[in-house]
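Please read these numbers as outputs of a predicted model, since none were measured by experiment. Computation of the quantities below employed the complete heavy-atom set of this structure, encompassing side-chain atoms and omitting hydrogens, waters and symmetry-equivalent molecules. Ligands are counted one by one from 1 in listed order, and the atoms in each one are counted from 1 as well.
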Amino acid sequence: MNKELLETTAQAMVAKGKGILAMDESTGTCVKRFVKYGIECTFETRRVYRSLLLTTPNLADYIAGAILYDETIRQQVTGSNVPMPAYMAANGIIPGIKVDMGAKPLAGHPGQVVTEGLDGLRERLAEYRELGARFAKWRAVINIGEGLPTQAGIEANAHALARYAALVQEAGLVPIVEPEVLMDGNHTIERCYEVTAVTLQSVFAALFQQGVYLEGIVLKPSMVISGKECPQRAAPEQVAAETVRCLRDHVPAAVPGIAFLSGGQSSAEATWHLSLMNQLGGVPWALSFSYGRALQQEALETWHGSDANIPAAQAAFRQRASLVAAAATGQYTPEMENS
Ligand code: 13P
């Protein structure tokens, strides 16, 4: 394991005032996002859209790295023969790759899922490294429900995450370790805290057991937040305070950075929560972002599948990226939404 390389990459991924763009939607998810705006989802429209994002002028001022999907890492930027990862590297954005194969029902545990993709991963990582990837992502999904999650569900996911992380580090890439506690449901913020706490505890125990080098990972957690259908949703200040408290209790200081997912929060909410956390301060890790929807929503809506809208979509995307980057140093306030 090249520890120095892993540390350098991990620190660059969460460099001060920057974060990660998650644009690694599987084709199925991409269809769902495009359909909302009546955009046909094809190999070519996905290429146009992802090129639009990556060629946004001065994106590297705000975005340190971007996570690609298997199809995208093999595509060339629209109107050129430059592969996406080569374009990114030349423009100061570290290429990353989603390597999990999705969450599948966990046998014998109704309502719970486990992420698959370990078989053959060593070989796939060697190819991705060749294609230019410098970090990887694996998303584990934890559902909150009546009597859920169970310890069995949490541990199956933690074990897979740790085995993935060890393989990724062996290949010289930085693993993004993503245990997502879903916002779906009517649970309270207190219940989300409990589940996030046991999940993180289990994940770090598994990482330790598998010998994962903590200085060479980036943690991508969900925030401690009320369920979407909770009748009494916690205020932004409480989300920030409880998230920081939970992380401080469960994430070792050796981890260089925490890059949150947005998980279905609106762009403005996800930006405000991150800024409030950075205003609290007093934590040993960088508090940054690895948003998908919260970064892309406005760009996708503005683009609407039309070439004529590309400059406006890029402007909307750059504006959101600049706001989230400001939040990563606690400089964002909601008033900036209208500026
Ligand atoms: P969201 O920010 O839309 O949750 O996506 C982040 C991500 O990469 C989920 O795996």
(request) Hey, can you tell me if Phe34 and Tyr49 have their rings parallel, tilted or perpendicular (30° and 60° cut-offs)? (result) perpendicular
(request) Evaluate whether atom OH of Tyr37 has more than 12 neighbouring non-hydrogen atoms of other residues, nucleotides or ligands under 6.0 angstrom away. (result) yes
(message) Can you confirm whether Met101 is buried at CE, in the sense that more than 12 heavy atoms of other residues, nucleotides or ligands lie under 6.0 Å from that atom?
(response) no
(message) Can you tell me which portion of Ala294 lies within the under-4.0 Å heavy-atom range of ligand 1? Options are side chain, backbone, both, or neither.
(response) neither
(message) Checking contacts here: is it the side chain or the backbone of Arg139 that comes within 4.0 Å of ligand 1, counting heavy atoms only? Could be both or neither.
(response) side chain
Backbone or side chain, does any N or O of [X] fall under 3.5 Å from an N or O of ligand 1?
X: Glu178; value: yes
X: Leu261; value: no
X: Ala22; value: no
X: Ser262; value: yes
X: Glu180; value: no

(request) Check each atom of ligand 1 against the heavy atoms of Ser290 and keep those under 4.0 Å away; list them by number with element. (result) 6 (C)
(request) Could you list the atoms of ligand 1 found under 4.0 angstrom from a heavy atom of Tyr291? (result) 2 (O)
Return the closest protein heavy atom for [atom] as residue, atom name and distance.
atom: atom 5 (O) of ligand 1; answer: Gly292 N, 3.5 Å
atom: atom 4 (O) of ligand 1; answer: Gly263 N, 2.7 Å
atom: atom 6 (C) of ligand 1; answer: Lys220 NZ, 3.4 Å
atom: atom 10 (O) of ligand 1; answer: Lys137 NZ, 2.5 Å

(message) Checking Asp24 against Lys137 for the salt bridge (Lys or Arg N to Asp or Glu O under 4.0 Å) test, could you report, in this order, the C-alpha distance in whole Å, the side-chain angles of both residues, the deciding distance, and whether it holds?
(response) CA-CA 9 Å; Asp24 59 324; Lys137 170 191 132 169; 2.7 Å; yes
(message) Do Lys220 and Ile258 make a side-chain contact, defined as non-hydrogen atoms from C-beta onward lying under 4.5 Å apart?
(response) no
(message) I'd like to check Leu200 versus Leu247 (side-chain heavy atoms, cut-off strictly below 4.5 Å). Are they in contact?
(response) yes
(request) Using the salt bridge (charged side-chain N to carboxylate O under 4.0 Å, His left out) rule, pick out the option among Arg139, Arg50, Arg46 that qualifies with Glu25. (result) Arg50
(request) Test salt bridge (Lys or Arg N to Asp or Glu O under 4.0 Å) on Asp184 and Lys228 and set out the steps. (result) CA-CA 6 Å; Asp184 299 342; Lys228 273 183 209 151; 3.2 Å; yes
(message) For a side-chain contact (heavy atoms from CB on, under 4.5 Å) check, start with the C-alpha distance between Asp100 and Glu116, then their side-chain angles and the critical distance, and finish with the verdict.
(response) CA-CA 6 Å; Asp100 68 66; Glu116 296 188 347; over 6 Å; no
(request) Look at ligand 1 and say whether Ala270 reaches it with a heavy atom at a distance under 4.0 Å. (result) no
